Amino acid sequence: MGNDLLNDLNSGGARTGPVRVLNDLEKAFVQTLLYFDIFQYPLRKDELLRTCRRNIDDPPAAAEILDQLVGTGLIIREEGFHYIGAGAGYVERRKQGNARADFRMKKARKVSRFIAKFPYVRGVMLSGSISKNYMEPDSDIDYFIVTQPGRLWVARTLLVLYKKVFLLNSHRNFCVNYFVDTDHLMIEDKNLFTATEMIYLLPTCNAELYHRLRGQNKWADEFYPNFGFRETEACHPEQSSLLGRGLEKILGGRLGERIDTWCMQRTFSRWQHKFAHFDPERFEITLRTRKYVSKHHPANYQQYVTNSLRKKAAEFERTHRVKL
């Protein structure tokens, strides 16, 4: 990225003057805000310190460095929120999005408890925008679901059938797009995007399983060393319904294994047909289909975020004559 900057300088593509070299913590603050700028989401000081991608041993000293960056104009502060760039309307947009998330959180927790009653569901967490306490008017509520090993696809199929039959396939309050089983809690994609989604997972059912999941994905803490775990006080225990427990007994043997395999193969075949234009790499990343994991993210938002961050960082370097 530094070579790109020097090339821009030589071609007259940036402001004149010396190139400023930021220290590691200054870079981390800027890089964190550039990431959240993709979502037009400014951060309070405590949030920025918590999501900073460099370990902070002395919070008061780090806050002072942040104040200095604000003083130089590299970071903008408005009503206690921090962002990069123009940021017109960011603060008001965030306030409205936070209010929507607060309003819909009660529904999200209620649906989480309902999902937890389905056969073979062992844990439920909120993911996506609501896990970050933000919702657009048309945002879905996303759920990250952990199942019993060997029955992930039975659980997923029952939940999808419920959505199609009783919710007329509406995703608004019932978007079940990521499943893993309790024997495979390690997430395979280890990058900034998945690390962000991992640390922000909000447990709603089975706090113990949430801690196991986070414990088996310590790699995410390398991206966010100051974040820690989410609060679990409002988390409900695992609670299968009487009907759910009954179905688990019926499908506990070879019949259940055959049905689970059939459900997976049926879904995989449908996705192969529907997304035949995907190359193998994109299909694997966005539609991972194995006995122990189901990932349905065909929009490939992960790639969009990665590309956007690269462009924003390059633009920031050119505009402010700094090296990140």
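These numbers were taken from a predicted model, which means no experiment stands behind them.
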Which heavy atom of [X] sits nearest to which heavy atom of [Y], and what is that distance?
X	Y	value
Arg230	Tyr210	N-OH, 2.8 Å
Ile76	Gly85	CG1-O, 3.8 Å
Asn206	Gly123	CB-CA, 4.1 Å
Cys205	Cys235	N-SG, 3.4 Å
Leu185	Asn217	O-ND2, 2.9 Å
Ala313	Leu34	CA-CD1, 3.9 Å

Using side-chain heavy atoms (C-beta onward) and a distance below 4.5 Å, is [X] in contact with [Y]?
X	Y	answer
Ile141	Phe174	no
Leu152	Ser294	yes
Leu247	Phe118	no
Phe114	Tyr162	yes
Met125	Leu213	yes
His184	Val293	no
Phe29	Leu33	no
Thr232	Glu208	no

Counting heavy atoms not belonging to [X], are there more than 12 under 6.0 Å from its [atom1]?
X	atom1	answer
Arg282	CZ	yes
Lys274	NZ	no
His277	NE2	yes
Gln68	CD	yes

Given the rule that I, L, V, M, F, W and Y join up when any side-chain heavy atoms are under 4.5 Å apart, are [X] and [Y] in one cluster?
X	Y	result
Val111	Leu159	yes
Ile145	Tyr292	no
Phe144	Leu158	no
Phe81	Met135	no
Leu242	Val154	no

Between [X] and [Y] (salt bridge meaning N to carboxylate O under 4.0 Å), is one present in this structure?
X	Y	answer
Arg20	Glu26	yes
Asp221	Arg214	yes
Arg53	Glu222	no
Arg122	Glu248	yes
Arg104	Asp140	no
Glu47	Arg94	yes
Arg288	Asp189	yes
Arg44	Glu79	no
Glu315	Lys311	no

For [X] and [Y], test the side chains for any donor-to-acceptor distance below 3.5 angstrom and give the result as yes or no.
X	Y	value
Asn173	Tyr143	no
Lys295	Thr289	no
Tyr83	Glu78	yes
Tyr224	Thr51	no
Tyr120	Asp181	no

Check against ring-ring contact (aromatic ring centres under 6.0 Å, His included), His297 and Tyr178:
CA-CA 8 Å; His297 294 160; Tyr178 209 135; 5.6 Å; yes
Got a second to check how far Thr196's OG1 is from Gln302's CD, nearest 0.5 Å?
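Interatomic distance, Thr196 OG1 to Gln302 CD, rounded to 0.5 Å: 10.5 Å.
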Is it true that Phe275 and Phe283 have ring centroids separated by less than 6.0 Å?
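Centroid separation for Phe275 and Phe283: 6.0 Å or greater.
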Do Phe179 and His296 have ring centres separated by under 6.0 Å?
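Judged by ring-centre distance (under 6.0 Å), Phe179 and His296 do not meet the cut-off.
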Donor-acceptor contact present, side-chain [X] to main-chain [Y], <3.5 Å:
X	Y	result
Thr72	Leu69	yes
Asn226	Arg54	yes
Ser308	Val305	no
Lys106	Phe103	no
Thr204	Val124	yes
His273	Ser269	no

Check step by step if ring-ring contact (aromatic ring centres under 6.0 Å, His included) holds for Tyr41 and Tyr134.
CA-CA 9 Å; Tyr41 195 78; Tyr134 181 86; 5.6 Å; yes
Derivation and outcome, side-chain contact (heavy atoms from CB on, under 4.5 Å), residues Leu324 and Leu22
CA-CA 7 Å; Leu324 294 177; Leu22 302 179; 4.0 Å; yes
Trace of the side-chain contact (heavy atoms from CB on, under 4.5 Å) decision for Val322 with Val19:
CA-CA 5 Å; Val322 300; Val19 175; 5.7 Å; no
Arg290, Arg156, Lys291, Arg151 screened by salt bridge (charged side-chain N to carboxylate O under 4.0 Å, His left out) with Asp260, the one that passes:
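Looking at Arg290, Arg156, Lys291, Arg151, the match for Asp260 under the salt bridge (charged side-chain N to carboxylate O under 4.0 Å, His left out) is Lys291.
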For Phe227 and Phe223: C-alpha separation, side-chain torsions, deciding distance, then whether ring-ring contact (aromatic ring centres under 6.0 Å, His included) applies.
CA-CA 9 Å; Phe227 196 89; Phe223 288 92; over 10 Å; no
As a quick check of understanding, evaluate side-chain contact (heavy atoms from CB on, under 4.5 Å) for Met105 and Leu126, giving each step before the final call.
CA-CA 10 Å; Met105 183 58 71; Leu126 299 178; 3.6 Å; yes
So if I apply the side chain to side chain donor-acceptor pair (under 3.5 Å) rule between Gln303 and each of Asn307, Thr306, Asn300, which one comes out positive?
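Of all the options given, the one that passes is Asn307.
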In sequence, state the C-alpha distance, the side-chain angles, and the governing distance for Arg245 and Lys249, and then conclude on side-chain contact (heavy atoms from CB on, under 4.5 Å).
CA-CA 6 Å; Arg245 291 193 297 271; Lys249 289 182 179 180; 5.7 Å; no
